[in-house]
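A quick note: this is a predicted structure, and the numbers were derived from the prediction, not measured. Side chains are part of it too, since the values below use all heavy atoms of this structure and drop only hydrogens, waters and symmetry mates.
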Amino acid sequence: MAFTVSDEILGTFVPIAVYWIYSGIYVILGDLENYRLHTKAEEDVKNIVSKRTVVKGVLVQQAFQITVSLLLFTVIRDDSGIAKPQPSLPMIAVQFLVAMVALDTWQYFIHRYMHINKFLYKHIHSKHHTLVVPYAFGALYNHPLEGLLLDTIGGALSFLVSGMTPRTGIFFFSFATIKTVDDHCGLWLPGNILHVFFSNNSAYHDVHHQLYGSKYNFSQPFFVMWDKILGTYMPYSLEKRKEGGFEARPIKD
């Protein structure tokens, strides 16, 4: 008797596995000082939360993520037992794009409001900004309420709005996870294909994590359109540091 795992289960757990595997690769590459956006010493000094605490915080968020995902798939599941057929590749591409725009739109406005509202920033969103020097496995280090609202519910909405199947969701959420981890990796690696297709990258998001950029570059994880449309885009230049590595510096008007 063959053992099979449903697309719903894979769509729930594969992105979590991708998160830790991809983050692990960046942990290994983290000693490459010539490609870091901050020195290793800055990471240790400026961040006011331990890496053990970050790991625990991410695991809590992923527990919420698993719960909401399984509930969602339970609600929308077709009791007939017949899997929804996969659409054509062009339609899947359209669904990917719709989901990307939907996720970006949701996250931009929720993320920006968490900065505007002083209570929400102090008690909720500031937890993520304790990582002044971002690193890969800290990408989902948030207050549990923020993680639920911003990432988990945002992901569920993008899934529903796009109309993708659970099988397509496996690939979309794995890709979104890779993109989110990459944006927080703290490295500027040559040949990074994500930087070819997306202006929203590790340097762009690093600007947001600095004090001078906390009111700018809210867009995540894919495009920068809402920042440009609504005037919260902060241009930057990527310059080499004397001691090695790079630094994203804001371009003054």
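A donor and an acceptor atom, one from each side chain of Q86 and T165, are located under 3.5 Å apart. Side-chain contact check for T53 and S50: at least one donor-acceptor pair (N or O, by modelled atom type) lies under 3.5 Å. T232 and Y108 share a side-chain donor-acceptor pair at under 3.5 Å. Side-chain contact of H208 with H129: a donor-acceptor pair under 3.5 Å is present, judged by distance alone. A donor atom on one side chain and an acceptor atom on the other are found under 3.5 Å apart for D182 and N192. No hydrogens or angles considered: a donor-acceptor pair under 3.5 Å links the side chains of T105 and W226.
Shown here for G155 and S158, the closest heavy-atom pair between the two residues is O-OG, 2.7 Å. Residue Y216 comes nearest to G231 through the heavy atom pair CE2-O, 4.4 Å, listed as atom of the first residue, atom of the second, then distance. Looking at every heavy atom in both residues, S126 comes nearest to K122 through OG-O, 2.8 Å. The shortest heavy-atom contact between Q95 and P87 is OE1-CG, 3.8 Å. Minimum interatomic distance between P166 and D7 (heavy atoms only, all atoms of both residues): CB-CB, 3.9 Å. N47 approaches V132 most closely through the heavy-atom pair OD1-N, 2.8 Å.
Residues near I28 contribute nothing to a hydrophobic cluster around it, because no ILVMFWY side-chain heavy atom sits closer than 4.5 Å to its side chain. Through side-chain heavy atoms spaced under 4.5 Å, either directly or across other Ile, Leu, Val, Met, Phe, Trp or Tyr residues, V60 is tied to F64.
Counting heavy-atom neighbours within 6.0 Å of F109 CZ, excluding the residue itself, gives a total above 12. Enclosure of atom OH in Y22 by more than 12 non-hydrogen atoms of other residues, nucleotides or ligands within 6.0 angstrom is indicated. The 12-atom threshold is not exceeded at CG of L211, counting heavy atoms of other residues, nucleotides or ligands nearer than 6.0 Å.
Both L97 and L160 sit in one connected hydrophobic cluster of ILVMFWY residues. Membership requires side-chain heavy atoms under 4.5 Å apart, directly or through other members. I178 and L103 fall within a single hydrophobic cluster, where Ile, Leu, Val, Met, Phe, Trp and Tyr side chains are chained together by heavy-atom contacts under 4.5 Å. V55 and I48 fall into different hydrophobic clusters, where Ile, Leu, Val, Met, Phe, Trp and Tyr side chains are chained together by heavy-atom contacts under 4.5 Å. Put simply, V101 and F173 are part of the same group of oily side chains (I, L, V, M, F, W, Y) that touch within less than 4.5 Å, one to the next. When the side chains of ILVMFWY residues are joined at heavy-atom separations under 4.5 Å, either directly or via intervening members, I153 and V98 end up in two distinct hydrophobic clusters.
Classification of D183 and K179 as a salt-bridged pair holds, one side-chain N sitting under 4.0 Å from a carboxylate O. Salt bridge annotation for E43-R36: present, with a cationic side-chain nitrogen under 4.0 angstrom from a carboxylate oxygen.
Using modelled atom types, no side-chain atom of H205 and backbone atom of Q220 make a donor-acceptor pair closer than 3.5 Å. Between the N117 side chain and the F119 main chain, a donor and an acceptor come within less than 3.5 Å of each other. A donor-acceptor pair under 3.5 Å links the side-chain atoms of H209 to the main chain of L131, judged by distance alone. Within the 3.5 Å criterion, the main-chain N or O of F218 finds a donor-acceptor partner in the side chain of D227. Judged by distance alone, the side chain of N217 and the main-chain N or O of Y204 form a donor-acceptor pair under 3.5 Å. For H184 (side chain) and T180 (main-chain N/O), a donor-acceptor pair under 3.5 Å exists by modelled atom type. In this structure, N200 contributes its side chain and S219 its backbone to a donor-acceptor pair below 3.5 Å. In this structure a side-chain-to-backbone donor-acceptor pair under 3.5 Å is missing from Q65 to T152. A donor-acceptor pair under 3.5 Å is formed between the side chain of W106 and the backbone N or O of L149. The backbone N or O of F223 lies less than 3.5 Å from a partner atom in the side chain of D104, making a donor-acceptor pair.
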Show me the donor-acceptor pairs within less than 3.5 Å that the side chains of residues 8-16 make with the rest of the protein, sequence neighbours left out.
from : atom 1 : to  : atom 2 : distance (Å)
T12  : OG1    : E8  : O      : 2.8
T12  : OG1    : S69 : OG     : 2.7

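Between I92 atom CD1 and F172 atom CZ the span is 13.5 Å, to the nearest 0.5 Å. In this structure, OH on Y113 lies 16.0 Å from OH on Y121, to the nearest 0.5 angstrom. In this structure, the separation between OG1 on T130 and NE2 on H128 is 8.5 Å, given to the nearest 0.5 Å. Atom CZ of R112 is separated from atom CD1 of I116 by 5.0 Å, given to the nearest 0.5 angstrom. We find the CZ-CE distance between F171 and M164 to be 11.5 Å, quoted to the nearest 0.5 Å. Annotation: the span from L32 atom CG to L189 atom CG amounts to 7.0 Å, rounded to 0.5 Å.
Counting heavy atoms from C-beta outward, D206 and Y236 have side chains that stay 4.5 Å or more apart. Between N142 and K127, every side-chain heavy-atom pair lies at or beyond the 4.5 Å cut-off. Residues L140 and D151 form a side-chain contact, since some pair of their non-hydrogen atoms from C-beta on lies under 4.5 Å apart. Two residues are said to be in side-chain contact when any heavy atoms from C-beta on lie closer than 4.5 Å; F137 and Y26 fail this criterion. Contact check for Y233 versus P235: side-chain heavy atoms found under the 4.5 Å cut-off. Under the 4.5 Å side-chain criterion, counting only non-hydrogen atoms from C-beta, Y35 is not in contact with W188. With contacts defined as side-chain heavy-atom distances shorter than 4.5 Å, the pair E146/Q61 does not qualify. Contact check for F73 versus F159: side-chain heavy atoms found under the 4.5 Å cut-off.
Considering L194, L37, L187 in turn, L37 is the only one that fulfils the side chain to side chain contact (heavy atoms under 4.5 Å, CB included) rule with S202.
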Criterion side chain to side chain contact (heavy atoms under 4.5 Å, CB included) on T39 and E243, from CA distance to verdict = CA-CA 9 Å; T39 65; E243 62 270 31; 4.2 Å; yes
Salt bridge (Lys or Arg N to Asp or Glu O under 4.0 Å) evaluation trace for R249 with E239 = CA-CA 7 Å; R249 297 180 180 176; E239 301 178 17; 2.7 Å; yes
Using the side chain to side chain contact (heavy atoms under 4.5 Å, CB included) rule, take L71 and V75 through it: C-alpha gap first, then chi angles, then the decisive distance, then the call.
-> CA-CA 6 Å; L71 285 173; V75 169; 5.5 Å; no
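Close placement of the H125 and H115 rings is indicated, their centers lying within 6.0 Å of each other.
Using a 30° and 60° split on the angle between ring planes, F175 and F198 fall in the tilted class, from 30° to 60°.
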